[in-house]
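Structure record follows, encoded as structure tokens.
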Amino acid sequence: VGPPSRPTALDESLEIAAGILEQREEERDTRRQMIVRLTLADRSLQTLFQPIVDLRTGGTVGAEALARFTTPPFRPPDVWFAEAADLGLGTELEVSALRSALLELSRLPSGLYLSLNASPATIVSPDFRAAMAEVPAERVVLELTEHEGIDDYHLFGEAIAEMRSNGLRLAVDDAGAGFSSFRHILNLRPDIIKLDIALTRGIDTDPARRALGSAMLAFGLDAYNASIVAEGIETQSELTTLQSLGCHYGQGYYLGRPAQMSVLPRQISQTGGRLLDGPRRSPLSKTIPLNPDMPVDMERLRARIGSVRTRSA
Ligand code: C2E
Ligand code: CA
Ligand code: CA
């Protein structure tokens, strides 16, 4: 037996690659453990509710449940859900978020619907069915996120037919943001179509967006008799434009930020006032942050109160 041969450059490269793979595997394990903890729906998973408003009357008709993960590192919810899906835990995390939201359904003012986000894979899962079996279907709207395609619309339609016949309403989310939302609309005949934020943003100044918004409204209203909800309304001018295009429902920071359920009734009364009074309302009412995500800056608030008092004095 001769002396041990020196490692070649290839051996060294392979060793480095093996080390990197091992590290990736460890990272994946850590991320998996974090998501598994989140699926247990402990206090690190919370739900905020954003009002959905009738743009003709100012009345609030429903609220969308939006998950918040308070565990570090901070990531927006869609990133957590994408990560969970990547690790094969997408349905678990979505059902967990959905169950947290449903726990608050009894506190939602009567007459308002609860709008829940779910991907096609979750909607056809037994866990989702089990969660939905416990709630009054007629108070729930299911927002189908468009990011995933649906291979077999017939099977998908059958999976939700019974829930729909019990009163559950189906919404197609993020319409106008990609091709699959159109396919969902054509194949599933949703009760509600949610116009994507990208269409609302600047609809007041951009003729192309206005034309597309108007076409989407005609498409949804005339062809499907669906209700249209414009998402992401941030300014009075976007609101006025959408109203003039005949959009009946809307959602966005200008009408109400996502907030805890306990804050929702106060927010609803302010929204109605804002919609009916429009820009004539006191500037102060527009600056009070209602979103617990955004802590109140007391210094700024006092300064604003001071300036409003001085002006109205
Ligand atoms: P989405 O379903 O399209 O939700 C609307 C997003 O727009 C929310 O972001 C909301 O906070 C934000 N938003 C509302 N009004 C305005 C506005 O006026 N301007 C702007 N710029 N944004 C506005 P969020 O809460 O960060 O959620 C992001 C996405 O994460 C959601 O998009 C949804 O796809 C997903 N998501 C959130 N919660 C859940 C959940 O419980 N389950 C599932 N499956 N997905 C969820
Ligand atoms: Ca949504
Ligand atoms: Ca959306």
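What you are looking at is a predicted structure, and each value in this text was computed from that prediction instead of being measured. If you read the sequence from its start, that first residue is 1, and numbering goes on from there. Whatever order the structure lists ligands and atoms in, that order sets their numbers, starting from 1.
Annotation for ligand 1: atoms under 4.0 Å from non-hydrogen atoms of Gln50 are 14 (C), 15 (N). Of all atoms in ligand 1, listed by their number and element, those nearer than 4.0 Å to a heavy atom of Ala97 are 41 (O). Counting the atoms of ligand 1 from 1 in the order shown, those under 4.0 Å from a heavy atom of Asp174 are 3 (O).
Ligand 1 lies out of reach of Gln251, whose nearest heavy atom is not under 4.0 Å from it. Heavy-atom distances between Lys194 and ligand 1 stay at or above 4.0 Å for every pair. Ligand 1 lies nowhere less than 4.0 angstrom from a heavy atom belonging to Pro76. The closest approach between Arg201 and ligand 1 falls below 4.0 Å for a heavy atom of the residue. Not close to ligand 1: Ser119, with no non-hydrogen atom less than 4.0 angstrom away.
The Ca ion (ligand 2) lies closest to atom OE1 when only the N/O/S atoms of Glu143 are considered. Atom OD1 is the N/O/S atom of Asp174 found closest to the Ca ion (ligand 3). The atom of Glu231 that is an N, O or S and sits closest to the Ca ion (ligand 3) is OE1.
Asp204 and Ser237 share a side-chain donor-acceptor pair at under 3.5 Å.
At distances below 3.5 Å, not a single donor-acceptor pair connects side-chain atoms of Glu25 with backbone N or O atoms of Leu21. Under a 3.5 Å cut-off, the side chain of Arg209 and the backbone N or O of Ala198 do form a donor-acceptor pair. Between the side chain of Glu231 and the backbone N or O of Gly252, no donor-acceptor pair lies under 3.5 Å. Arg139 contributes no side-chain N or O that, together with a main-chain N or O of Leu114, makes up a donor-acceptor pair within less than 3.5 Å.
A side chain to side chain contact (heavy atoms under 4.5 Å, CB included) with Phe128 holds for exactly one of Thr91, Leu116, Leu142; it is Leu142.
Not one N, O or S atom of Thr145 sits under 3.0 Å from the Ca ion (ligand 2). Checking Asp173 against the Ca ion (ligand 2), an N/O/S atom falls under the 3.0 Å cut-off.
Between Arg99 and Glu134, at least one side-chain nitrogen of the basic residue sits less than 4.0 Å from a carboxylate oxygen of the acidic one, meeting the salt-bridge criterion.
The nearest pair of heavy atoms linking Asp86 to Arg28 is O-NH2, 3.6 Å.
Separation of the Tyr224 and Phe219 ring centroids falls under the 6.0 Å cut-off.
Of the candidates Phe81, Trp80, Tyr253, it is Phe81 that places a heavy atom closest to atom 36 (N) of ligand 1.
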